[in-house]
Amino acid sequence: MVMGRNISPDIRLSTFSLGKGFGEYWRVALQTVNLTNKRFLLDRANTFGGTHSAEPRQIYVELRYRFHY
């Protein structure tokens, strides 16, 4: 017996990243994931804790310092 697969429609997500270095040791970056804040189901299976949906929009700011040794 062959079980039919329940396939969700294609989803396109927008991710954006922008960074700038300052001097030899510093760098700052801004990153966004799911820029358009689309909501959709990732998995409808009831295994491992039930139905899972996509994460909402996420915005990150990153500050890096490179140690010189």
Side-chain angles (χ1 to χ4, degrees):
M1 180 170 137
V2 177
M3 304 276 298
R5 291 175 39 183
N6 188 3
I7 299 175
S8 298
D10 291 341
I11 300 293
R12 291 192 171 103
L13 294 180
S14 298
T15 301
F16 180 76
S17 179
L18 180 68
K20 170 89 172 119
F22 296 97
E24 189 176 344
Y25 303 108
W26 290 95
R27 179 170 175 81
V28 66
L30 174 70
Q31 302 168 0
T32 62
V33 179
N34 194 2
L35 185 62
T36 57
N37 204 24
K38 289 188 178 181
R39 299 192 183 256
F40 57 92
L41 291 177
L42 292 175
D43 185 12
R44 292 185 184 154
N46 284 327
T47 56
F48 304 111
T51 304
H52 300 93
S53 60
E55 296 288 330
R57 178 185 303 128
Q58 299 172 28
I59 300 173
Y60 301 97
V61 176
E62 179 180 17
L63 180 64
R64 286 187 181 192
Y65 180 78
R66 187 179 69 148
F67 291 95
H68 181 70
Y69 49 88

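Small disclaimer: the values here were computed from a predicted structure and weren't measured.
- In this view, F22 satisfies the ring-ring contact (aromatic ring centres under 6.0 Å, His included) rule with no residue, not counting sequence neighbours.
- Summarising the geometry, atom CG belonging to N34 is positioned 8.0 Å from atom OG belonging to S14; distances are rounded to the nearest 0.5 Å.
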Got a list of side-chain donor-acceptor pairs under 3.5 Å for residues 55-62, not counting sequence neighbours?
| from | atom 1 | to | atom 2 | distance (Å) |
| --- | --- | --- | --- | --- |
| R57 | NE | L35 | O | 2.9 |
| R57 | NH2 | L35 | O | 3.2 |
| Q58 | OE1 | Y60 | OH | 2.4 |
| E62 | OE1 | Q31 | NE2 | 3.3 |
| E62 | OE2 | R64 | NE | 2.7 |
| E62 | OE2 | R64 | NH2 | 3.0 |

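- Clustering ILVMFWY residues whenever any of their side-chain heavy atoms sit less than 4.5 angstrom apart, transitively, puts V28 in a cluster other than the one holding L18.
- Residue L13 is not grouped with residue V33 when hydrophobic side chains (ILVMFWY) are merged at heavy-atom distances under 4.5 angstrom, including chains of intermediate members.
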